[in-house]
Structures are given as structure tokens and as C-alpha cells.
Amino acid sequence: MIVQQVVLNSRPGKNGNPVAENFQLEEVSIPDTINEGQVQVRTLYLSVDPYMRCRMNEDTGTDYIAPWQLSQVVDGGGVGIIELSKHTNLTKGDFVTSFYWPWQTKAILDGNSLEKVDAQLVDGHLSYFLGAIGMPGLTSLIGVQEKGHVTAGSNQTMVVSGAAGACGSLAGQIGRLLGCSRVVGICGTQEKCLILTSELGFDAAINYKKGNVAEQLRESCPAGVDVYFDNVGGDISDTVISQMNQNSHIILCGQISQYNKDVPYPPPLPPAIEAIQKERNITRERFMVLNYKDKFEPGILQLSQWFKEGKLKIKETVINGLENMGAAFQSMMTGGNIGKQIVCISKDISL
């Protein structure tokens, strides 16, 4: 059977900006039969995420994420439907997900590498398993729970950078649900600011590309900042940290402003900002959601419940077609998405 796949065509270099041309669409033949323990899947949705930027380098800089290989099929978060199964626990018609789903229209996979998902948890929106009811949702929820030290009724102000992205758009809402009294987002367009305040329940939103961010932050957070959910790093984070209160907390989710630079993770703070952090006893610990696997199941159920109750609003930007994976990745890395960036490969769930 002939299927389409996306391979890594070239590397942008550790200090380069990724472009769509780093990826290439090819045709490949896969067997018509499957072996014991295997399944044949049809891909429905694929995810592009900021963490993938390090997989484009020869060395990812971490021991838990492997680099993509040149001329080899790319992989990442995916959701699909089983068309054929020779696996005891998986049946034709089951919906499944994996963190290492190949960027192909169809694939033959080891059934043990897949996790069965219940479409009822997302009211049939299967792509949400790659976003709010998946890893970005868990990252936001567990990050706020474990590193935010949010206490209901204690009048805390939370600031979220990259606030219109996959994690940021959820983190602000979760901060509110867990008890923050004021939530302020920082993002890069007026359209995003409007969505944060009119749809996602943020009290205020700052466009960092317009006006003085420090001044706007002081106006939006008159009592200072108690919890900072950091998706971006760099100058924006330095500005926020300067206005954080004594014994406040940074949730170090991502540092996308630094991902196209060859720097350690998390990047060190400038000396003046580091001095503020130490002086005010601000916590800034590396947060890795994979260290909290015991919290995944209750976390998914909590996120699903909030979604179904209308308390967690979910935004996503969907691009259609496997041939647009590279364009979707490039767009996501430059802020083209609102909410989770998803690529729809097939909407067909008939068998």
C-alpha cells in the first residue's frame, strides 16, 4: 500500500529559524499485512509543538528526547483510528494516540506503543487529545498545581506569557479555576489580546509588540505578580520577574524565545534579574511534566470535566493536509497559532 509521509529534509542549524522546507513530503510503500501484536492505523490529527525544535538539531541537548534523523519519517503527538488489528487489547474502530506517531497518512504500529482514548472525554473532538485534554493540558494543570503554589482566597495575581498558545491559553484559565483572583496574559497581537479577555476569562492582556511592557504590566498588576507561568523566557520574562513579589513562584513551562539559539535549558537569567530572584526568594525550578506520570489520569479527568462544564474554553488552529506539516510547524514557532496548532490529516472515521 502506498502512503504519504513527511521526512526531515534538512536541519536549520542550532541558531537557525526552522522553515517549511526543512520538511519534505514523500510516498512510501507499507506492507498490506500486519503481524501479531501490530495494528494498521489511519492518521486523523497530528500535533506540532515548540519542544520539537530541539529534535531538528543533531543533538537535542536532553537525554529524554531523541533527535529526528535526516531523510527519515518525522514523529510526534498523533491521534488515529485502527483499521486492522492483531493486538489483543485493540480493536478495529478504536481511537488511539501516541507521543511518537509517524507523520504518515497510514502506518503499521506496535499496538503496545499506543494508548486507547475515549472520545466521550472530548465530546468527539479527537484533536483535543493532542491539546487541552492531552500533554499541553496536563503540562498546564500539573505545572500550576506543582510549581504555582496557588491558594484559593489569598488574592494572588498570575501572569502568563505566550498566553494565547497551547499551554498559555489553558494555564491562565486553570490559574483562575484553582483560585487566582487576577490573571493577566502577555501575547503578540491585538487579536490574541481580545480573545484572552473576551473568551478565555483573562482580566487583562498585554501586546508585547506595542508600547512599554513594564508600564502596562504595572497597570495590569498593581499588587505585583505572585505566580508567573513562563512560556517564552528572554526579555519578556526579565520584565515580569522584575515585578514579582516576595516569595512568589515561576512555573518554567517553556522558553520559546530561546529555542533557535544554542543556549542551555533553562537559559540563565541576566545577573541583575538573577539578583532580584534571589533577593525576593522567587522559585524558578525546571518543570518536566513527564516526572508526574502518576498525575496524568486524574489530570485528564479533571480537564475533561472542566471542558464539559464549560469552565475550560479550548482554542485551536487547524491546518489541513499532511503536505502542510512544515508550514504548520513554521507558523507555530512564529506565533501564527491561537491555542493549539493542529494538522488535520483525515476527518474520515468510517471503516
Side-chain angles (χ1 to χ4, degrees), residues 1-6 25 27-35 37-49 73-138 166 170 296-297 300-301 303-308 310 312-325 327-329 332 337 339-351:
M1 185 187 348
I2 304 291
V3 301
Q4 290 185 313
Q5 67 174 20
V6 171
L25 186 71
E27 288 197 332
V28 65
S29 178
I30 62 170
D32 290 322
T33 56
I34 57 173
N35 298 326
Q38 290 185 324
V39 294
Q40 180 184 304
V41 293
R42 176 161 74 245
T43 306
L44 299 173
Y45 298 97
L46 293 172
S47 176
V48 287
D49 304 276
V73 67
V74 175
D75 65 349
V79 171
I81 187 169
I82 293 182
E83 295 186 319
L84 296 170
S85 175
K86 284 193 177 176
H87 189 278
T88 44
N89 301 332
L90 298 170
T91 314
K92 184 175 170 176
D94 283 349
F95 296 114
V96 287
T97 184
S98 166
F99 207 49
Y100 300 102
W101 196 286
W103 287 10
Q104 290 183 190
T105 47
K106 295 188 181 199
I108 292 171
L109 302 174
D110 174 0
N112 291 336
S113 70
L114 301 170
E115 190 185 336
K116 198 166 154 176
V117 291
D118 177 2
Q120 288 185 329
L121 287 175
V122 291
D123 282 349
H125 296 276
L126 294 167
S127 57
Y128 289 0
F129 285 121
L130 301 178
I133 320 293
M135 277 319 246
L138 287 171
L170 299 169
F296 283 13
E297 200 177 328
I300 290 293
L301 293 174
L303 292 161
S304 169
Q305 186 186 337
W306 280 336
F307 159 60
K308 288 184 163 191
L312 190 67
K313 303 281 193 294
I314 299 176
K315 301 296 288 183
E316 56 179 18
T317 300
V318 182
I319 291 181
N320 290 311
L322 188 70
E323 69 279 7
N324 291 315
M325 290 302 294
F329 185 82
M332 176 273 306
N337 55 303
K340 181 78 184 80
Q341 178 72 66
I342 293 286
V343 182
C344 175
I345 308 304
S346 171
K347 286 195 176 86
D348 180 13
I349 56 169
S350 60
L351 288 169

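Throughout, numbering of the chain's residues begins at 1 and tracks the sequence.
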Participant: Would you find a donor on one side and an acceptor on the other, under 3.5 Å apart, between the side chain of Lys308 and the backbone of Asp123?
Facilitator: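 Side chain of Lys308 to backbone of Asp123: no pair is present.
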Participant: Looking only at non-hydrogen atoms, find the nearest pair between Ala166 and Pro136 and report the distance.
Facilitator: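 Nearest heavy atoms, Ala166 then Pro136: CB-CB, 4.2 Å.
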Participant: If every non-hydrogen atom of Thr97 is compared with every non-hydrogen atom of Gly78, which pair is closest and at what distance?
Facilitator: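 What the structure gives for the nearest pair is OG1-O, 2.8 Å.
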Participant: Given the rule in the side chain to side chain contact (heavy atoms under 4.5 Å, CB included) test, do Val39 and Val96 qualify, once you have shown the distances and angles that lead to the verdict?
Facilitator: CA-CA 11 Å; Val39 294; Val96 287; 6.0 Å; no
Participant: More than 12 foreign heavy atoms under 6.0 Å from CD of Glu115: is that the case here?
Facilitator: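 At most 12 heavy atoms, drawn from other residues, nucleotides or ligands, come within 6.0 Å of this atom.
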Participant: What distance do Glu83 atom CD and Ile108 atom CD1 have between them, rounded to the nearest 0.5 Å?
Facilitator: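 Going from the CD atom of Glu83 to the CD1 atom of Ile108 covers 10.0 Å.
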Participant: In this structure, which one of Leu44, Thr43, Asn320 forms a side-chain contact (heavy atoms from CB on, under 4.5 Å) with Cys344?
Facilitator: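 When Leu44, Thr43, Asn320 are each tested with Cys344, the side-chain contact (heavy atoms from CB on, under 4.5 Å) holds only for Asn320.
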Participant: What's the separation between atom CD1 in Ile349 and atom CZ in Phe95, rounded to the nearest 0.5 Å?
Facilitator: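 One finds 4.0 Å between CD1 of Ile349 and CZ of Phe95.
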Participant: List the steps and the verdict of side chain to side chain contact (heavy atoms under 4.5 Å, CB included) for Val117 and Tyr128.
Facilitator: CA-CA 11 Å; Val117 291; Tyr128 289 0; over 6 Å; no
Participant: Can any side-chain N or O of Lys116 pair as donor or acceptor with the backbone N or O of Asp94 at less than 3.5 Å?
Facilitator: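 The answer is no, because no donor-acceptor pair under 3.5 Å joins these two groups.
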Participant: Could you state the interatomic distance from CD1 (Ile342) to CG (Leu130), rounded to the nearest 0.5 Å?
Facilitator: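 The CG atom of Leu130 is 4.5 Å from CD1 of Ile342, to the nearest 0.5 Å.
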Participant: Do Met325 and Val74 have side-chain heavy atoms sitting under 4.5 Å apart?
Facilitator: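 Not touching, per the 4.5 Å side-chain cut-off.
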Participant: Checking Leu114 against Trp101 for the side chain to side chain contact (heavy atoms under 4.5 Å, CB included) test, could you report, in this order, the C-alpha distance in whole Å, the side-chain angles of both residues, the deciding distance, and whether it holds?
Facilitator: CA-CA 9 Å; Leu114 301 170; Trp101 196 286; 3.8 Å; yes
Participant: To the nearest 0.5 Å, how far apart are CG in Leu90 and CG in Leu84?
Facilitator: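 Rounded to the nearest 0.5 Å, the CG-CG separation comes out at 12.5 Å.
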Participant: Which pair of non-hydrogen atoms, one from Val79 and one from Leu126, has the smallest distance, and what is that distance?
Facilitator: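 Between these two residues, the closest heavy atoms are CG2-O, 3.9 Å.
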Participant: Going by heavy atoms in the side chains, are Lys340 and Asp49 under 4.5 Å from each other?
Facilitator: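 In contact.
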Participant: Is it true that the side chains of Asp110 and His87 contain a donor and an acceptor less than 3.5 Å apart?
Facilitator: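 Note: Asp110 and His87 side chains miss the donor-acceptor criterion.
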Participant: Are any non-hydrogen side-chain atoms of Ser98 and Asp75 less than 4.5 angstrom apart?
Facilitator: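 Of all side-chain heavy-atom pairs linking Asp75 with Ser98, none is under 4.5 Å.
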Participant: I'd like to know if the side chain of Thr105 reaches the main chain of Gln4, judged simply by a donor and an acceptor atom lying under 3.5 Å from each other, with no hydrogens or angles considered.
Facilitator: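 Flag set: sc Thr105 to bb Gln4 pair under 3.5 Å.
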Participant: To the closest 0.5 Å, what do you measure between CD (Gln40) and CD1 (Ile81)?
Facilitator: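 Spacing of CD (Gln40) from CD1 (Ile81) equals 12.0 Å.
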Participant: Among Ile133, Leu170, Ile300, which residue meets the side-chain contact (heavy atoms from CB on, under 4.5 Å) test with Leu138?
Facilitator: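 Filter result, single survivor: Ile300.
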Participant: How long is the span from the OG atom in Ser47 to the CZ atom in Phe129, to the nearest 0.5 Å?
Facilitator: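 Answer for the OG-CZ pair, Ser47 versus Phe129, is 14.0 Å.
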Participant: Is Lys86 close to Gln38 at the side-chain level, that is, under 4.5 Å between some pair of heavy atoms?
Facilitator: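 They are not in contact (no side-chain heavy atoms under 4.5 Å apart), so the answer is no.
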Participant: Could you tell me whether the side chain of Val343 reaches within less than 4.5 Å of the side chain of Leu322, counting heavy atoms only?
Facilitator: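 Leu322 vs Val343: side chains apart.
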Participant: So, do Ile314 and Val122 sit near enough that their side-chain heavy atoms are less than 4.5 Å apart?
Facilitator: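 Not touching, per the 4.5 Å side-chain cut-off.
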Participant: Taking Asn337's backbone N and O only, do any of them form a donor-acceptor pair with Thr317's side chain (distance below 3.5 Å, no angle check)?
Facilitator: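 No, because the side chain of Thr317 does not come within donor-acceptor range (under 3.5 Å) of the backbone of Asn337.
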Participant: Tell me if the CG atom of Leu301 is crowded by more than 12 foreign heavy atoms within 6.0 Å.
Facilitator: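 Counting neighbours around CG of Leu301, more than 12 heavy atoms of other residues, nucleotides or ligands fall under 6.0 Å, so yes.
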